[in-house]
Amino acid sequence: MQSFEIDKSDVLKVKNAILAGDETLKIVLEEYHASEIAILFERLDKSEQRHIINLLPAEIASEIISEMDEESHPEDLLFELHPDKRTEIVEELDYDDATDIISQLEDHEQKEILEDLTEDHASEIRNLLTYDEKTAGGLMNTELICVNINLTKKDAIDEIIRQSEEMEEFYTIYVVDDEEIFKGIVSLKDIIKAKHNAKITELVKEDAVYVHPDTDQEEVANLISQYNLTSIPVIDENQKLLGRVTFDDVIDVMEAESTEDILKISGVSEDEELSGNWVEAVKSRLPWLIINLGTAFLASSVVRYFDPTIKLIPSLAAYMTIIAGMGGNAATQALAVTVRRISLYDLTDKQAYRTVLKEFTVGLINGASNGLIVFIFAFFFDGNPMLGLVIFLAMTGNLVIAGITGAGIPLILKRVGIDPAIASSIIITTFTDVFGFLLILGLASKLLL
């Protein structure tokens with residue numbers, strides 16, 4: 001089965017079905033999975049979205065809303081529904097999904113929705129709303145299968161059956177004692193295979209990996225990935241079980257974190273929505289471009305200083321753009337790799353040193369290789385071996401600087417508490433431009449004049 005992509009024919013089919021009547025629309029919607037309808041919603045207006053949601057059963061409608069992209073603002077769609085329909089949908093959602101959507105609304109809107117829910121649902125969602133959305137507490141679902149460590153195999157199975165009636169799916173069974181203190185996990189397979197008179201205390205795995213509610217979502221994702229978990233328990237400072245974070249939530253986190261890093265490295269604010277309009281894009285990007293303009297003036301001042309050298313050797317102007325451009329590209333490569341390493345691992349001083357040393361070596365080899373190519377070009381095209389030597393040295397030096405700054409700057413920013421993805425690209429571009437121009441023009445002034 002291939003992943004679903006928006007097609008004009010699909011959008012047209014749904015729009016025509018809306019015009020044809022509810023019976024036709026129902027038949028057409030049956031051809032699509034809930035997640036596919038959520039994708040189609042990107043091309044439908046709000047009135048068409050509401051029409052479809054109101055037509056479908058709450059179970060399917062809730063799945064569509066939970067699958068909608070954040071930038072499609074499912075919270076607005078939910079709030080605009082009739083209170084009765086809205087309540088049905090919220091109570092069908094998993095607590096974590098409901099919390100994610102409701103948290104995007106204004107306080108008075110949240111209050112209005114929560115007042116219509118049953119006390120149990122409202123209480124669970126209010127509790128989850130207290131956690132930062134980018135932490136384990138903000139990601140966790142309080143619905144889980146939990147058994148007492150003192151139960152026998154038979155009693156544990158009966159308890160699992162009872163609790164699972166209220167759950168769509170579960171991956172792990174959590175174990176607690178009489179005080180609700182987390183004691184570990186046990187697999188359903190181990191329970192089934194155990195002897196008839198076995199107790200959970202004999203089957204529990206006490207060295208289970210867990211997180212606290214304030215653990216950053218990226219760390220949660222790293223742990224689930226590192227230990228190949230389907231879910232991870234969330235416990236408080238008293239070792240009491242609060243909930244679980246499942247791998248499907250982590251997939252969304254990893255996608256969001258990767259998108260955020262890419263936007264930051266490119267000098268784009270994380271506040272800019274990918275589907276936003278041009279006004280939002282300008283507000284997000286213009287400040288960074290103005291900062292970049294300031295650093296560009298610094299690089300141009302180096303060129304102005306060596307203006308007499310350029311007038312005497314005009315061909316330097318052509319090679320300057322090559323040196324600076326290659327340095328910028330090499331620095332961006334080193335930056336991307338280093339930022340990714342930082343996001344995946346908490347680098348020690350030794351690992352940080354090795355990262356910079358690696359990029360220094362890569363820059364030296366790549367710089368010499370590319371410098372040799374340009375040397376040969378300058379030798380045959382310009383007939384000037386000394387010019388070729390200047391370019392070779394400048395290329396090698398600038399790619400070494402690119403490697404060191406591309407790896408070193410984000411590591412330094414991380415150590416001083418600044419997000420390395422935000423400011424690194426502008427700093428390293430300044431380094432490679434300034435030193436690129438300084439190397440080629442400085443060397444030319446010394447060796448060619």
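These numbers come from a predicted model, not from an experiment. Position 1 is the first residue of the sequence; numbering continues from there.
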May I ask you to check whether over 12 heavy atoms, not counting those of [X], lie within 6.0 Å of atom [atom1]?
X    : atom1 : answer
E59  : CD    : no
K153 : NZ    : yes
R50  : CZ    : yes
K46  : NZ    : yes
K199 : NZ    : no

Of all residues at least two apart in sequence or in a different chain, which pass the ring-ring contact (aromatic ring centres under 6.0 Å, His included) check with F435?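 Partners of F435 under the ring-ring contact (aromatic ring centres under 6.0 Å, His included) test: F431.
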Under the ring-ring contact (aromatic ring centres under 6.0 Å, His included) rule, collect the residues that match up with H212, sequence neighbours excluded.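 If we apply the ring-ring contact (aromatic ring centres under 6.0 Å, His included) test to H212, skipping adjacent residues, the hits are Y210.
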Taking atom types as modelled, find out whether Q239 and E179 have a side-chain donor-acceptor pair closer than 3.5 angstrom.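 Q239 vs E179: no donor-acceptor pair found between side chains.
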Looking only at side-chain N and O atoms, does T152 offer a donor or acceptor that is under 3.5 Å from a partner on D155?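 The criterion, which ignores hydrogens and geometry beyond distance, is satisfied for T152 and D155.
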Between the side chains of K26 and D22, is the shortest nitrogen-to-carboxylate-oxygen separation below 4.0 Å, so that they form an ion pair?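 Not counted as a salt bridge, because no side-chain N and carboxylate O are separated by less than 4.0 Å.
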Could R86 and E112 be called an ion pair, given the rule that one side-chain N must be under 4.0 Å from one carboxylate O?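 Answer for the salt bridge query: yes.
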I would like to know whether V90 and I125 meet side-chain contact (heavy atoms from CB on, under 4.5 Å); could you show each step before the answer? CA-CA 10 Å; V90 173; I125 294 172; 4.0 Å; yes
Of T99, T142, N141, which is the lone residue that meets side-chain hydrogen bond (donor to acceptor under 3.5 Å, both in side chains) with E124? T142
If you measure from CG on N398 to CG on D433, what distance do you get to the nearest 0.5 Å?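 Rounded to the nearest 0.5 Å, the CG-CG separation comes out at 8.0 Å.
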Please test E159 against I145 for side-chain contact (heavy atoms from CB on, under 4.5 Å), starting from the C-alpha separation and ending with a verdict. CA-CA 9 Å; E159 186 63 20; I145 302 291; over 6 Å; no
